[in-house]
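Heads up: the structure comes next, in C-alpha cells.
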Amino acid sequence: MAAAVPAKLGHHLVSAFIDTPGNAVILARSMNRSPHVAVVGATGAVGIEMIQTLEKRKFPVGTLTLLASKRSVGKKLKFRGEEITVRELTPGLFAGVDIALFSAGGGISREFAPAAVKAGCVVIDNSSAFRMEESVPLVIPEINPEDVKLHRGIIANPNCTTAITLMALYPLHQAFSVSRVFASSYQAVSGTGAKAIEELERQVAQVVAGQPVTREVYPHQIAFNVLPQVDSFLPSGYTKEEMKMQNEGRKIMHHATFRASVTCVRVPVYRAHSIAVSAEFERPVSVAAARAVLEKAPGLDVVDAPEKMEYPLPLFATGKYNCEVGRLRLDCALENGLCFWVAGDQLLKGAALNAVQIAEELLK
C-alpha cells in the first residue's frame with residue numbers, strides 16, 4: 001500500500017508517496033509564485049520563441065537562466081529590456097531553478113532532465129523523449145490541463161502537428177466522439193530547425209539564378225518541391241512522425257481506441273504547419289453543428305468563408321497564438337464524417353506557447 005508523505009526536495013515543498021520501500025515518487029510541488037525559470041536550448045528557434053512568449057504573456061519570471069551548448073556560450077539574448085548571457089548547460093546549474101523549459105533535442109533531455117528533477121526543478125520538455133512514458137503527463141492545456149497535476153517532475157509537450165490538429169479535433173470529439181481520422185500534414189521547414197530555413201532560402205536563390213542546387217539538411221531539394229517524409233521510416237512503412245498523432249492523441253484525449261492514418265509531408269513553407277483531416281465520428285455530425293462547436297473552442301479561430309476565398313493559411317497563421325480551422329464540409333466517403341483544414345504556428349502552439357501555457361498551469 002502506497003503511503004503519502006510530506007517531503008522537501010531542493011527549494012520546493014513536495015507531496016509524495018512511497019511506492020516501494022525507500023523510493024519516493026514526486027506527485028506535486030508548491031510552486032514559487034515568481035519562479036526561477038531556465039530555458040534549455042535558448043539560442044534555438046523554439047528557445048527564442050519561449051523567451052519571447054514568457055515576456056509577451058507576462059509570465060511572472062523571478063529569474064531567467066539561459067542555457068545552451070558550448071558554441072552558444074556568451075551570446076546575449078534580450079528579456080524585458082535586459083540582456084542575459086547564455087551559459088553552458090551543465091547538471092549543476094539547475095540548483096535553485098523552479099521550472100526548466102527544454103527544447104534542445106531528445107538526447108539532451110534524456111541526459112539532463114533527470115538531473116534537473118533531482119535538483120527540485122519541474123521540467124517541461126519539448127522533445128519526444130518522455131512523451132509516451134506512462135508516468136509523464138502529455139499536455140495541451142486547452143484539452144487536458146488537469147493532467148499537469150499528475151507530474152512527477154517532468155511534463156511533456158506534444159508533437160507540433162499533433163498539437164495543431166487536436167486543437168480542432170478535440171472539441172469535435174467532445175461533441176461527436178471521434179473514432180478515426182485520415183490526415184495529411186503540410187509541414188514547414190522551420191520544424192526541422194534554423195539550418196532547414198537557410199537551406200530553403202539558399203535553394204530558392206540557386207534555382208532563380210540557374211545555379212546547381214546544394215543539399216545539406218534534406219535528402220532531396222525542398223525548394224519548389226514537397227517531400228513525403230518527415231522523420232525516419234518504421235517497418236510498417238509509416239514514419240515516426242506519422243504515428244505520433246495516433247499514439248499521442250490517445251494519451252492526450254484519454255481515448256484508447258482512437259485511430260489515425262497519417263501522411264506527413266515537408267513543404268517549402270518557412271513557418272506554420274497545415275493539416276488536412278477527414279474525421280469519422282460515432283454520432284451524426286453536420287457542418288452547422290461542427291462550426292458551432294469550433295467557434296466556442298479555446299485557442300481556435302474559425303476561418304471558413306470559401307465564397308470569399310477565406311480559409312486558414314500558414315502565411316497568416318504565422319506568429320499567432322491561436323490555430324485556425326476552415327474548409328468545413330461533410331466527408332463524402334465516411335459515415336458520420338467531417339473534413340476540415342487546420343493551420344497553426346508550430347513554433348508557438350506546437351512548441352513554445354504550449355510549454356509556457358503548461359508553466360502557467362503549474363502556478364494555478
Side-chain angles (χ1 to χ4, degrees), residues 45-46 102-110 113 124-144 147 154-170 172-173 178-193 196 218 227-267 272-279 314 323 340-355 357-358:
V46 174
F102 271 65
S103 187
I108 295 296
S109 294
R110 281 186 287 270
I124 301 172
D125 183 43
N126 194 56
S127 79
S128 61
F130 306 107
R131 287 176 188 158
M132 299 314 298
E133 289 192 9
E134 188 175 352
S135 62
V136 176
L138 180 62
V139 175
I140 297 176
E142 292 89 347
I143 296 175
N144 59 332
D147 288 359
I154 299 175
I155 304 169
N157 235 18
N159 167 260
C160 51
T161 303
T162 298
I164 293 167
T165 302
L166 292 189
M167 289 297 291
L169 182 63
Y170 182 71
L172 295 170
H173 167 58
V178 67
S179 56
R180 60 177 178 168
V181 300
F182 300 89
S184 293
S185 70
Y186 302 74
Q187 298 182 217
V189 296
S190 54
T192 309
Y218 295 117
L227 309 183
Q229 177 189 357
V230 179
D231 211 331
S232 57
F233 285 99
L234 298 167
S236 64
Y238 285 91
T239 66
K240 290 181 179 179
E241 183 86 355
E242 289 163 349
M243 294 309 303
K244 289 173 183 176
M245 190 178 296
Q246 175 172 288
N247 297 335
E248 296 182 20
R250 287 178 174 181
K251 186 171 181 179
I252 294 165
M253 296 192 294
H254 298 284
H255 185 352
T257 60
F258 172 65
R259 292 176 293 163
S261 179
V262 183
T263 300
C264 289
V265 182
R266 189 71 67 187
V267 297
H273 291 351
S274 304
I275 305 96
V277 182
S278 291
C323 295
F340 60 88
W341 171 264
V342 58
D345 190 323
Q346 92 286 354
L347 294 180
L348 289 173
K349 190 55 198 172
L353 172 62
N354 199 77
Q357 287 177 303
I358 291 172

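Between Thr239 and Gln229, the side chains place no donor N or O within less than 3.5 Å of an acceptor N or O (distance only, hydrogens not considered).
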- Query: After noting the C-alpha distance and the side-chain angles of Leu172 and Val178, does the key distance pass the side chain to side chain contact (heavy atoms under 4.5 Å, CB included) rule?
  - Reply: CA-CA 7 Å; Leu172 295 170; Val178 67; over 6 Å; no
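For Pro314 against Ala343, the heavy-atom pair with the smallest separation is N-CB, 4.4 Å. What you find for Lys244 and Asp231 is that their closest heavy atoms are NZ-OD2, 3.7 Å. Shown here for Leu234 and Met243, the closest heavy-atom pair between the two residues is CD1-CG, 3.7 Å. Across every non-hydrogen atom of Ala156 and Ile358, the tightest pair is O-CD1, 4.2 Å. Of all non-hydrogen atoms in Gly344 and Ile164, the two that sit nearest each other are O-CD1, 3.4 Å. Contact between Asn354 and Val139 at its shortest, heavy atoms only, is ND2-O, 2.9 Å.
Considering only heavy atoms from C-beta on, Tyr218 comes within 4.5 Å of Thr192 through its side chain. Proximity of Met167 to Val342: side-chain heavy atoms (C-beta onward) are nowhere separated by under 4.5 Å. No side-chain heavy atom of Tyr238 sits less than 4.5 Å from a side-chain heavy atom of Cys264. Put simply, the side chain of Met245 reaches to within 4.5 Å of the side chain of Val181, judged on heavy atoms.
Thr162 contributes atom OG1, which lies 6.5 Å from atom CD1 of Ile252 (distance to the nearest 0.5 angstrom). Within the model, atoms CD of Glu241 and OG of Ser128 stand 9.0 Å from one another, a figure rounded to the nearest 0.5 Å. Atom CG of residue Leu347 and atom OG of residue Ser103 lie 9.0 Å apart, to the nearest 0.5 angstrom. If you take OG1 on Thr263 and CD1 on Ile275, they are separated by 13.0 Å, rounding to the nearest 0.5 Å. How far CG of Asn247 is from CZ of Phe258: 10.0 Å, rounded to the nearest 0.5 Å. The distance from atom CZ of Phe233 to atom CD of Glu242, rounded to the nearest 0.5 Å, is 7.0 Å.
With sequence neighbours excluded, no residue forms a salt bridge (charged side-chain N to carboxylate O under 4.0 Å, His left out) with Arg250. For Ser109, the side chain to side chain donor-acceptor pair (under 3.5 Å) criterion is met by Asp125, Ser127, not counting sequence neighbours.
Looking at Glu142 and Lys349, a side-chain N of the basic residue comes within less than 4.0 Å of a carboxylate O on the acidic one, giving a salt bridge. Look at Lys251 and Glu248 and you find no salt bridge, because none of the NZ, NE, NH1 or NH2 atoms lies under 4.0 Å from a carboxylate O.
Counting only distance, with no hydrogens or angles, the side chain of His173 and the backbone of His255 share no donor-acceptor pair below 3.5 Å. Judged by distance alone, with hydrogens and angles left aside, the side-chain atoms of Gln187 form no donor-acceptor pair with the main-chain N or O of Val265 at under 3.5 Å. Between the Arg131 side chain and the Asn157 main chain, a donor and an acceptor come within less than 3.5 Å of each other. Panel note: side chain Asn144, backbone Asp147; no donor-acceptor pair is recorded below 3.5 Å. Using a distance-only test at 3.5 Å, with no hydrogens or angles considered, no donor-acceptor pair links the side chain of Arg180 to the main chain of Ala279.
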